[in-house]
Protein chains: 4
Amino acid sequence: MPKVGMEPVRRQQLIEATLQSVAELGLQATTINSISKKAGMSSGIISHYFGGKQGLIEATVRYLLSSLQRSLLQRTVQGCTPEQRLMFIVEANFAVVQQQRDTTRTWLSFWAHSMHDAELHRLQRVNARRLYSNLLYSFKQLMAPGKAREAAELSAAMIDGLWLRAVLNKADDAQFDSAQDLAKRYIQSLIQQFGV
Amino acid sequence: MPKVGMEPVRRQQLIEATLQSVAELGLQATTINSISKKAGMSSGIISHYFGGKQGLIEATVRYLLSSLQRSLLQRTVQGCTPEQRLMFIVEANFAVVQQQRDTTRTWLSFWAHSMHDAELHRLQRVNARRLYSNLLYSFKQLMAPGKAREAAELSAAMIDGLWLRAVLNKADDAQFDSAQDLAKRYIQSLIQQFGV
Amino acid sequence: MPKVGMEPVRRQQLIEATLQSVAELGLQATTINSISKKAGMSSGIISHYFGGKQGLIEATVRYLLSSLQRSLLQRTVQGCTPEQRLMFIVEANFAVVQQQRDTTRTWLSFWAHSMHDAELHRLQRVNARRLYSNLLYSFKQLMAPGKAREAAELSAAMIDGLWLRAVLNKADDAQFDSAQDLAKRYIQSLIQQFGV
Amino acid sequence: MPKVGMEPVRRQQLIEATLQSVAELGLQATTINSISKKAGMSSGIISHYFGGKQGLIEATVRYLLSSLQRSLLQRTVQGCTPEQRLMFIVEANFAVVQQQRDTTRTWLSFWAHSMHDAELHRLQRVNARRLYSNLLYSFKQLMAPGKAREAAELSAAMIDGLWLRAVLNKADDAQFDSAQDLAKRYIQSLIQQFGV
DNA sequence: AATGAATGAGTGTTCATTCAT
DNA sequence: CATGAATGAACACTCATTCAT
């Protein structure tokens with residue numbers, strides 16, 4: 001039944017099935033069949049829409065990245081202070097987790113794989129720089145440029161480090177909240193230390 | 001050619017071939033053939049010595065863990081100050097990297113896989129707790145217990161975060177040194193902040 | 001080339017290739033490749049249709065059993081005497097052989113393997129009991145129940161014994177016919193001896 | 001420690017380990033390792049003494065055959081009647097079973113394999129003919145030669161058939177005894193029927 | 001004489017991809 | 001558009017054999 005306009009729907013369904021499968025089984029054990037079965041479609045459709053497994057994986061990572069971006073933009077409405085905006089950045093980075101419990105593991109799988117996949121590595125660098133840029137932009141409004149750069153770098157590492165340790169320890173929601181709090185308090189201490 | 005006393009040699013050769021293969025190809029693409037070819041041995045020998053691929057992977061992670069431990073013990077000779085010891089902990093965690101350039105990517109592959117492998121997850125938790133414990137032990141000599149616990153948690157996250165970002169960005173030696181410096185300076189700032 | 005309705009055809013083709021391969025090479029030397037090559041298909045299709053080699057072997061035994069059953073039902077049309085029916089039972093058991101020359105060896109391979117395979121053992125018992133039941137049913141119409149049971153047991157053993165010795169000696173058609181005659185005459189002598 | 005005269009001992013130990021392994025695991029799953037482990041020796045010794053797995057298997061079958069022969073000779077002391085001797089033949093054929101419970105399954109494995117192994121097939125034919133000859137020799141003393149041949153053939157088939165059905169049904173000792181009784185009574189009925 | 005380390009061809013199975021329908 | 005049957009290379013693993021000791 002050839003319906004028009006089904007493409008974006010099908011693509012999104014497949015991306016979400018991929019997220020689920022990678023979270024459940026890991027990237028290694030995720031197959032074109034485990035995905036298509038979860039999506040309730042045939043295996044052939046993956047090649048049809050994404051050119052192959054690789055393409056679907058990359059599209060899924062791009063979707064995760066844009067989710068993170070949207071998550072941040074939703075929060076940073078106009079008129080918030082630089083300090084508020086920094087807190088929102090932290091929240092956005094941890095929120096991706098809480099929206100979809102499973103998604104966290106998925107990130108780690110993708111980043112590990114990015115070491116051996118050029119396109120994924122490119123996406124990972126975009127993501128790492130975006131976090132740094134977002135932090136830098138706000139820190140610059142609060143301190144000297146040199147200090148701001150160091151603050152941004154340290155904050156980015158602290159956010160990633162807390163997040164990594166939480167994921168690897170299969171932390172529950174409370175532990176994720178606690179990690180998020182530590183990150184926020186760390187940023188506030190940086191502002192106090194370096195701030196004008 | 002049955003020589004006696006070859007077992008430890010062969011095991012070590014296979015572990016090193018595994019490290020190389022995972023660094024080069026990733027854990028996903030590392031096969032029993034890619035390892036045995038690198039080791040200059042037949043594929044059957046892996047099952048003979050490690051019972052299978054899984055056993056070799058786990059032995060390799062255990063070897064990495066003991067390397068890290070040895071790296072720390074070499075540094076923390078008797079009579080060093082708590083502050084010195086903290087610097088050594090940082091150095092040990094970054095040094096594993098520099099001894100064997102390839103090893104870094106390997107860690108990430110293993111930890112990502114640990115989300116879906118019980119034994120690897122156990123080893124990862126041992127590692128995460130060991131870093132925390134080592135840090136806590138030294139911080140406790142410099143500040144109140146409550147503050148020490150927070151400092152240990154934050155330092156552990158900062159070390160892991162800086163390390164993760166360096167690895168993912170395929171950082172060169174200079175960038176790793178810079179990350180190591182940032183970690184050290186962060187710990188010093190914690191001592192100044194929380195110290196008695 | 002996904003044609004619909006191919007499944008039963010493919011399954012039958014694979015079962016027949018299995019019969020051929022086991023007859024030629026034995027169950028031990030029959031591999032997924034020897035079967036798929038004979039069937040003119042790829043090796044992957046066996047897992048696709050039967051879940052694995054084990055599944056195909058079991059399906060093949062079930063097919064042999066149903067062939068035997070069908071062979072008997074074809075003969076025992078209504079209105080035949082008990083004595084005629086007993087002759088038909090003998091014929092059916094020897095006929096499976098003659099329809100497909102190779103099939104005989106196959107039976108023996110399967111039964112030998114049934115000692116170490118639960119499902120095959122179950123199928124073997126079904127087969128052994130069926131022969132006994134079929135014989136008993138007819139003997140009961142000709143003699144006292146106690147005598148009928150003994151006659152059925154002896155006849156079953158005689159049929160299997162003659163068949164086994166013929167198979168193991170790689171008997172030709174004439175020798176199989178001779179064995180069949182002996183079996184028939186033995187049953188007739190039982191009727192004379194025990195019959196009312 | 002090179003002891004002289006160890007060869008026959010080692011050979012016998014390996015043959016007995018083979019019998020055990022085939023009974024336990026089947027011929028298919030019996031490996032050079034499963035045998036040598038059971039015998040408490042190294043795997044290499046099998047090639048050393050028997051030239052390979054194949055050679056050991058054949059030696060094991062030859063040992064079984066000679067056991068059967070010995071079992072018969074032990075019974076048929078001089079001065080027994082032809083009828084007694086026939087009973088002894090039946091007993092010998094069923095006794096191999098009872099001496100070593102496991103041995104029964106082993107026979108079947110070997111005979112099934114004999115369809116695809118020239119040397120084993122030769123041994124099987126020797127065995128089949130020996131049973132026939134032994135029976136014929138005694139029957140000839142009790143009836144006309146033509147009748148004796150038929151009686152021998154039928155008796156051989158009955159013995160093998162009862163034995164086969166007992167083995168395949170994993171019969172217990174009582175069921176084996178019952179099968180043995182049926183065989184004896186059948187032979188007696190043949191003597192009454194055909195005897196002078 | 002006896003070992004067992006080492007080999008590597010061969011096994012059953014998985015799975016991304018293709019393509020006729 | 002969408003399917004899923006079919007492929008076959010690649011995988012981890014097994015195992016009879018070899019041979020230096």
Side-chain angles (χ1 to χ4, degrees), chain A residues 1-7 10 29-37 41-57, chain B residues 1-7 9-10 28-36 40-57, chain C residues 1-7 9-10 28-36 40-57, chain D residues 1-7 10 29-37 41-57:
Chain A
M1 309 111 189
K3 288 176 192 159
V4 286
M6 286 304 284
E7 181 169 333
R10 291 265 186 263
T30 286
T31 69
I32 240 162
N33 264 325
S34 75
I35 295 168
S36 57
K37 186 171 277 183
M41 301 178 210
S42 74
S43 63
I45 202 147
I46 288 173
S47 290
H48 187 259
Y49 277 134
F50 295 96
K53 188 192 183 185
Q54 180 77 355
L56 175 51
I57 296 295
Chain B
M1 315 97 189
K3 287 174 194 158
V4 285
M6 288 306 283
E7 182 169 334
V9 177
R10 291 274 181 263
Q28 195 150 62
T30 286
T31 69
I32 243 165
N33 266 324
S34 75
I35 295 168
S36 57
M41 301 178 211
S42 72
S43 64
I45 202 121
I46 288 172
S47 289
H48 186 259
Y49 278 129
F50 295 96
K53 188 192 184 187
Q54 180 77 354
L56 176 52
I57 295 295
Chain C
M1 313 98 187
K3 287 174 193 158
V4 287
M6 287 305 282
E7 182 169 334
V9 177
R10 291 273 182 263
Q28 193 151 61
T30 285
T31 68
I32 240 161
N33 266 325
S34 76
I35 296 168
S36 57
M41 302 177 210
S42 72
S43 65
I45 203 128
I46 288 173
S47 289
H48 186 257
Y49 278 128
F50 296 95
K53 187 194 183 185
Q54 179 77 354
L56 175 51
I57 296 294
Chain D
M1 309 120 190
K3 286 177 193 159
V4 286
M6 286 304 283
E7 181 170 333
R10 292 265 186 264
T30 286
T31 68
I32 239 161
N33 265 324
S34 74
I35 295 168
S36 58
K37 187 172 276 181
M41 301 178 209
S42 74
S43 63
I45 202 147
I46 288 172
S47 291
H48 187 260
Y49 277 134
F50 296 95
K53 189 193 184 185
Q54 180 77 354
L56 176 52
I57 296 295

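Note that the structure is a prediction, hence the values are computed from the model and not measured. Below, chain A is the first sequence line, B the second, and so on; all start at residue 1.
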Checking C:Ser36 now: which residues fulfil side-chain hydrogen bond (donor to acceptor under 3.5 Å, both in side chains) with it, not counting sequence neighbours?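 For C:Ser36 there are no side-chain hydrogen bond (donor to acceptor under 3.5 Å, both in side chains) partners, ignoring immediate neighbours.
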Rounded interatomic separation in angstrom, taking [atom1] from [X] and [atom2] from [N]:
X       : N      : atom1 : atom2 : value
C:Phe50 : F:dA5  : CZ    : P     : 14 Å
D:Lys37 : E:dT3  : NZ    : P     : 15 Å
C:Ile35 : E:dT11 : CD1   : C1'   : 12 Å
D:Ile45 : F:dC19 : CD1   : P     : 18 Å

For D:Thr30 and D:Lys53, the nearest pair of non-hydrogen atoms, with its separation, is O-NZ, 2.9 Å
Out of F:dA5, E:dT3, F:dG4, which has the shortest distance to the side chain of D:Met41? E:dT3
Nearest to the side chain of A:Arg10, heavy atoms from C-beta on, is which of F:dA2, F:dA6, E:dA6? F:dA2
Distances under 3.5 Å between nitrogen or oxygen atoms of protein and nucleotides 13-15 of chain E:
unit_1: E:dT13; atom_1: OP2; unit_2: C:Lys53; atom_2: N; d: 2.6

Strictly below 4.0 Å: does D:His48 bring a side-chain N or O up to OP1 or OP2 of E:dA2?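 Answer no for this pair, as no side-chain N or O of D:His48 is under 4.0 Å from OP1 or OP2.
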Spatial distance of atom CZ (D:Phe50) from atom CD1 (D:Ile32) [nearest 0.5 Å]: 11.0 Å
A:Tyr49 near the nucleic acid: base, sugar-phosphate alone, or nothing, with a heavy-atom cut-off under 4.0 Å?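 Sugar-phosphate, no base atom in range.
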Using the closest heavy atom to pick a nucleotide of DNA chain E for each, name whichever of D:Ser42 or B:Ser42 lands nearer the 5' end. D:Ser42
Can you list, pair by pair, the side-chain donor-acceptor contacts under 3.5 Å of residues 41-49 of chain D, counting residues two or more places apart and other chains?
none

For DNA chain F, the dot-bracket notation using Watson-Crick and G-U wobble pairs below 3.5 Å, [ ] for pseudoknot-type crossings and | for other-strand pairs, is .||||||||||||||||||||
